Amino acid sequence: MTDQELFWGTDQYDFSVVVPAAGLECFWHFAHRGERFYLSFMVQWVTGVGHDRHLSVTVNAPSSLIMATVDDAKGQINFETEETGFYQMCFSNFHNRFGTMQVFLSFGVYYDGYKDPDKTKEEEKKKKEEASKDLNNTLSVIEGATHKVENHVFHMFRYYNFGRMRKSTDFFLLLSNSQYVTWWSLFLSLLIVTSGYLQLLFLKRLFISKSGTEEEKPRC
């Protein structure tokens with residue numbers, strides 16, 4: 001599909017996208033078989049009529065198989081890929097027919113120690129041979145520890161980005177509330193001034209004023 005943007009296999013993407021009223025935004029991300037695909041999203045602000053913060057999210061496999069669906073203002077999707085190819089992420093704003101929304105996205109893939117079942121037996125044989133030759137293989141221990149540390153650091157940044165989503169959503173919520181309070185206060189002030197002026201005008205009309213001598217006072 002020519003109207004969709006392609007993201008080649010890098011680890012992580014973080015950005016915001018504006019979904020128009022009743023609109024659909026789709027993105028693609030490449031993943032190998034056995035990797036972990038993750039997607040985190042959160043609605044930051046909504047404009048227009050209705051203000052429904054629900055967003056319909058669908059993730060499809062390269063074979064058009066639906067992998068996950070979420071219909072909420074925020075959510076996380078995480079699964080192990082079973083196919084190699086481009087995975088499709090679609091974000092639908094069909095709940096708001098007359099309002100746009102901004103959504104913060106964080107998605108990518110990571111390797112979490114996947115092993116091909118066809119190669120498992122061969123690797124086990126190799127491990128047994130290596131273990132019999134050298135029981136204290138320092139390099140393999142360092143490599144495994146380094147891989148674990150990299151995975152932990154990667155997940156730390158994932159959760160940090162999700163925290164950023166919450167902070168940005170709270171910021172936009174406070175900003176919209178501040179604007180709402182400011183405009184509502186201005187409207188009430190104008191209403192009070194206008195009502196006071198109308199009351200004075202009405203009280204003036206209750207008195208009959210005559211253009212006579214100064215001793216004659218206006219009477220009701």
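For the single chain, residues carry numbers from 1 onward in sequence order. For clarity, every value in this text was computed on a predicted model and none was experimentally measured.
Residues V43 and L24 do not share a hydrophobic cluster, clusters being chains of Ile/Leu/Val/Met/Phe/Trp/Tyr side chains in contact below 4.5 Å.
For the pair V109/R36, no side-chain contact is recorded, criterion being any heavy-atom separation below 4.5 Å from C-beta on. Residues F202 and Y197 are not in side-chain contact: their nearest non-hydrogen atoms beyond the backbone lie 4.5 Å or more apart.
Taking CD from E25 and CZ from F91, the interatomic distance works out to 9.5 Å, rounded to the nearest 0.5 Å. Here the CG-CG distance, from N93 to L55, works out to 6.5 Å after rounding to the nearest 0.5 Å. Considering CH2 of W28 and SG of C90, their distance stands at 8.0 Å, rounded to 0.5 Å. With values rounded to the nearest 0.5 angstrom, I66 atom CD1 is found 10.0 Å from Q88 atom CD. Atom CD of Q76 is separated from atom CE of M42 by 8.5 Å, given to the nearest 0.5 angstrom.
Distance alone, capped at 3.5 Å, places no donor-acceptor pair between the T194 side chain and the L191 backbone. Using a distance-only test at 3.5 Å, with no hydrogens or angles considered, no donor-acceptor pair links the side chain of R97 to the main chain of A21. A donor-acceptor pair under 3.5 Å links the side-chain atoms of T81 to the main chain of E35, judged by distance alone. Listed for the T69 side chain is no donor-acceptor partner under 3.5 Å among the backbone atoms of T58.
Here E83 pairs with S63 under the side-chain hydrogen bond (donor to acceptor under 3.5 Å, both in side chains) rule; sequence neighbours left out. Residues that satisfy the side-chain contact (heavy atoms from CB on, under 4.5 Å) test with D72, not counting sequence neighbours, are H54, V70.
Applying the 6.0 Å contact sphere to CD of E82 captures no more than 12 heavy atoms from other residues, nucleotides or ligands. Around CG of L65, the count of heavy atoms belonging to other residues, nucleotides or ligands within 6.0 Å exceeds 12.
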Should F15 and F27 be marked as a ring pair (Phe, Tyr, Trp, His ring centres under 6.0 Å) after you check the CA-CA gap, both sets of side-chain angles, and the distance that decides it?
-> CA-CA 12 Å; F15 59 90; F27 302 95; 5.6 Å; yes
Show your working on side chain to side chain contact (heavy atoms under 4.5 Å, CB included) between V46 and N96 and close with a plain yes or no.
-> CA-CA 9 Å; V46 182; N96 291 305; 3.9 Å; yes
Any chance you could lay out the side chain to side chain contact (heavy atoms under 4.5 Å, CB included) test for Y110 and N78, step after step, and finish with the verdict?
-> CA-CA 11 Å; Y110 62 93; N78 193 329; 3.3 Å; yes
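The nearest pair of heavy atoms linking F94 to S56 is CE2-CB, 3.3 Å.
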Let me have the donor-acceptor pairs involving side chains of residues 98-106, under 3.5 Å, with sequence neighbours excluded, atom names and distances please.
from: T100; atom 1: OG1; to: T47; atom 2: OG1; distance (Å): 2.8
from: Q102; atom 1: OE1; to: W45; atom 2: NE1; distance (Å): 3.1
from: Q102; atom 1: NE2; to: Q44; atom 2: OE1; distance (Å): 2.4
from: S106; atom 1: OG; to: D14; atom 2: OD1; distance (Å): 2.6

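When F107, F86, Y38 are each tested for a ring pair (Phe, Tyr, Trp, His ring centres under 6.0 Å) with H29, only one passes: F107.
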